[in-house]
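Since this is a predicted model, take the numbers as computed values, not measurements. By convention in this document, chain letters (A, B, ...) are assigned in the order of the sequence lines, proteins followed by strands, and residues within each chain are numbered from 1. The basis for the numbers below is simple: all heavy atoms, side chains too, and nothing from hydrogens, waters or symmetry mates.
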Number of protein chains: 2
Amino acid sequence: MKDIQQIGIIGLGLIGGSLSLTLQARGWKGKVVGFDANEEHCQKALSLGIVHEISEPTSWQNCDCIVIAIPIDAAEKIMPSILDGISAHQVVMDMGSTKASLCNTIKGHPKRSRFVASHPMWGTEYSGPSAASNAAFEGKSAVICDKELSDMDALEIVEKIYKDLGMHILYMRSYDHDIHAAYISHISHITSFALANTVLEKEKEENAIFELASGGFESTVRLAKSNADMWVPILMQNRDNILDVLNEHISQLRKFKSCLEKENYEYLRELIYQANSIKKIIH
Amino acid sequence: MKDIQQIGIIGLGLIGGSLSLTLQARGWKGKVVGFDANEEHCQKALSLGIVHEISEPTSWQNCDCIVIAIPIDAAEKIMPSILDGISAHQVVMDMGSTKASLCNTIKGHPKRSRFVASHPMWGTEYSGPSAASNAAFEGKSAVICDKELSDMDALEIVEKIYKDLGMHILYMRSYDHDIHAAYISHISHITSFALANTVLEKEKEENAIFELASGGFESTVRLAKSNADMWVPILMQNRDNILDVLNEHISQLRKFKSCLEKENYEYLRELIYQANSIKKIIH
């Protein structure tokens with residue numbers, strides 16, 4: 001496989017920014033060009049060393065790989081024209097949180113095989129280039145979807161990028177990815193948003209939240225700070241899977257409610273024991 | 001105020017153990033005697049330096065302060081006899097997560113004024129002496145309840161202990177404490193237990209949870225590892241307040257559900273914006 005000498009990143013926020021900074025921090029010496037629809041983000045990305053140059057993606061003929069790191073609805077919109085514009089040796093990858101819809105949009109595209117669909121399982125509740133980290137992604141999983149639809153050399157380049165970031169790579173169908181992502185990531189965001197709204201609704205003394213909040217509250221509510229521009233499209237696109245898990249979640253909460261209402265503390269204890277078994281999976 | 005030379009701790013788990021280890025790590029040179037109904041915990045606490053000696057609380061005439069750090073139902077049971085046994089200069093404090101019921105139980109006790117009701121807003125999802133930390137509590141709030149019912153010198157001793165731990169002290173009525181605790185702490189545990197049960201129910205491929213789980217999932221589900229012996233009594237005792245906030249939480253989740261079902265993405269965006277305002281309170 002040839003060396004990756006130049007990468008182009010569309011979207012210079014948390015994910016695109018962290019990709020560049022972490023690759024560089026881990027010793028990659030190539031050039032990064034970038035573009036962001038937000039001019040302030042472009043300037044910030046330049047000053048933080050996320051990119052060496054800001055330019056239009058139409059001029060990125062020298063990029064070995066073009067990375068799409070923008071909200072998934074925007075990614076879906078630009079993907080066909082990005083593919084239209086690349087040459088036969090260039091690769092396009094995305095890093096979005098849902099995969100089935102995007103893969104479906106471009107499934108008939110003549111250059112589909114130059115695209116690798118992927119989702120690195122890393123993020124924070126912050127956004128924009130200032131939130132980017134040079135120690136991101138490491139030790140986490142990167143999911144590559146529908147790999148049989150990508151050319152071998154395109155796949156190798158994307159695998160190399162994720163390995164250079166210190167990630168381990170999993171392969172699955174885009175359809176399966178979206179189901180798992182609903183369970184493992186998307187529902188957590190909804191519960192956190194809803195918990196924040198619950199507490200803001202019930203606790204009129206904001207000072208009490210501020211002074212009493214402990215680590216437990218902070219960790220369950222932290223995702224509620226997440227960006228709406230990123231999350232509305234994810235929740236929209238993965239709606240059916242998320243509704244399925246959200247219904248289950250509401251019914252699990254109702255079990256706790258019913259235990260308390262009926263003072264059935266034996267069953268309450270069983271529900272907690274059952275929840276404790278997550279220990280075996282998440283250490 | 002006289003120096004605190006000896007402390008007795010009933011319950012040598014996460015909270016009692018961390019109290020001792022942190023006081024010692026921050027320079028306190030006094031003696032710690034302890035007792036735990038679990039003999040293994042006693043031996044472990046001795047070997048970890050949590051206590052210098054294991055003995056029966058009935059022999060603790062030399063303790064300036066007796067700390068109750070056991071599940072709140074057990075604390076409520078032993079509190080009257082602990083108060084019966086102390087002399088006029090000794091102080092008793094508890095560290096439990098609910099306050100109204102305990103305070104009510106002992107409100108007519110002739111030595112009520114030697115007791116200080118408190119709740120340090122710190123904990124982890126782990127339990128037992130091995131989970132104890134020598135860097136606990138610092139920077140968090142400690143709530144002291146119904147302080148007018150405690151003697152001034154008793155209050156001063158408990159305040160000194162919390163200040164020595166690096167905590168800032170808040171005062172409130174035990175009744176108000178329990179309402180706030182339902183919003184700020186107890187509901188987070190229920191959502192986390194229910195989220196764990198949701199994912200364990202829906203995601204039959206445990207391997208997928210293990211491999212895909214990111215920081216976001218881990219942080220929302222981490223409290224689900226919490227100990228049932230501690231949490232069943234808390235949820236029991238604070239049942240009315242928790243039901244109130246749990247009903248609100250289910251109704252907030254239903255708003256998200258309804259947005260997805262009706263594809264009302266404008267309102268979904270509003271709900272997320274509203275949740276984002278937790279940023280102003282929790283940094």
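Two residues are said to be in side-chain contact when any heavy atoms from C-beta on lie closer than 4.5 Å; B:L195 and A:Y183 fail this criterion. Counting heavy atoms from C-beta outward, A:S188 and B:V221 have side chains that stay 4.5 Å or more apart. Between A:F217 and B:I187, every side-chain heavy-atom pair lies at or beyond the 4.5 Å cut-off. Between B:F193 and A:N276 there is a side-chain heavy-atom pair separated by less than 4.5 Å.
Only the side chain of B:L223 comes within contact range of chain A, judged by heavy atoms closer than 4.5 Å. In this structure, the portion of B:S226 lying under 4.5 Å from any heavy atom of chain A is its backbone and not its side chain. Using a 4.5 Å cut-off between heavy atoms, B:L170 contacts chain A through its side chain alone, with no backbone atom that close. Both the backbone and the side chain of B:I282 come within contact range of chain A, each with at least one heavy atom under 4.5 Å from a heavy atom of that chain. B:Q274 touches chain A through backbone and side chain together, each having a heavy atom under 4.5 Å away. Proximity to chain A is limited to the side chain of B:L200, based on heavy atoms less than 4.5 angstrom apart. With a 4.5 angstrom heavy-atom cutoff, B:V245 touches chain A via backbone and side-chain atoms both.
For the residue pair A:K279 and B:K225, the shortest heavy atom distance occurs at CE-O, 3.5 Å. For B:A275 against A:A196, the heavy-atom pair with the smallest separation is O-CB, 3.9 Å. The two residues A:F210 and B:I281 make their nearest non-hydrogen contact at CD1-O, 3.0 Å. Nearest heavy-atom pair across B:M172 and A:L212 is CE-CD1, 3.9 Å. Contact record, B:A213 with A:I184: CA-CG2, 3.4 Å, taken as the closest heavy-atom pair.
The salt bridge (charged side-chain N to carboxylate O under 4.0 Å, His left out) pairs that include a residue from residues 117-134 of chain B are B:E125-B:R222, where partners are two or more places apart or lie in different chains.
Residues of residues 135-145 of chain B that come closer than 4.5 Å to chain A, counting heavy atoms only, are B:K140, B:S141, B:V143, ordered by residue number.
Of all the listed residues (B:D176, B:N197, B:T124), the one sharing the greatest number of non-hydrogen pairs under 4.5 Å with chain A is B:N197. Of the residues considered (B:I209, B:N227, B:V199, B:I179), B:I209 shows the highest number of contacts with chain A, using heavy-atom pairs under 4.5 Å. Taking A:K280, A:R254, A:K255 one by one and counting their heavy-atom pairs under 4.5 Å with chain B, the maximum is reached by A:R254.
With hydrogens and angles left out, the side-chain atoms of A:S219 and B:S219 include no donor and acceptor closer than 3.5 Å.
Applying the ring pair (Phe, Tyr, Trp, His ring centres under 6.0 Å) test to B:H119 and every residue at least two apart in sequence or in another chain returns B:H177.
Separation of atoms OG (A:S192) and CD1 (B:I272) is listed at 11.0 Å; rounding is to 0.5 Å. In this structure, A:T198 OG1 and B:L253 CG are separated by 6.5 Å, a value rounded to the nearest 0.5 Å. Atoms CD1 and CD, on A:I278 and B:E218 in that order, are 10.0 Å from each other to the nearest 0.5 Å. Here the CD1 atom belonging to A:I190 is positioned 12.5 Å from the CD atom belonging to B:Q252, to the nearest 0.5 angstrom.
Heavy atoms of other residues, nucleotides or ligands lying less than 6.0 angstrom from NZ of A:K44 number 12 at most. Annotation: B:E40, atom CD; neighbour count of heavy atoms from other residues, nucleotides and ligands within 6.0 Å does not exceed 12. Environment of CD in B:E263: crowded, with over 12 heavy atoms of neighbouring residues, nucleotides or ligands closer than 6.0 Å.
Below 30°, between 30° and 60°, or above 60°: for A:H249 and B:H249 the angle between ring planes is above 60°, a perpendicular geometry.
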Can I get a per-line list of side-chain donor-acceptor pairs under 3.5 Å for residues 228-242 of chain A, giving both atom names and the distance, sequence neighbours left out?
{"unit_1": "A:D229", "atom_1": "OD1", "unit_2": "B:R269", "atom_2": "NH1", "d": "2.7"}
{"unit_1": "A:Q237", "atom_1": "OE1", "unit_2": "A:T98", "atom_2": "OG1", "d": "2.7"}
{"unit_1": "A:Q237", "atom_1": "NE2", "unit_2": "A:E76", "atom_2": "OE1", "d": "2.5"}
{"unit_1": "A:N238", "atom_1": "OD1", "unit_2": "A:N241", "atom_2": "ND2", "d": "2.8"}
{"unit_1": "A:N238", "atom_1": "ND2", "unit_2": "A:D178", "atom_2": "O", "d": "2.8"}
{"unit_1": "A:N238", "atom_1": "ND2", "unit_2": "A:H186", "atom_2": "ND1", "d": "3.1"}
{"unit_1": "A:R239", "atom_1": "NE", "unit_2": "B:L260", "atom_2": "O", "d": "2.6"}
{"unit_1": "A:R239", "atom_1": "NH2", "unit_2": "B:L260", "atom_2": "O", "d": "3.3"}
{"unit_1": "A:R239", "atom_1": "NH2", "unit_2": "B:E261", "atom_2": "O", "d": "3.1"}

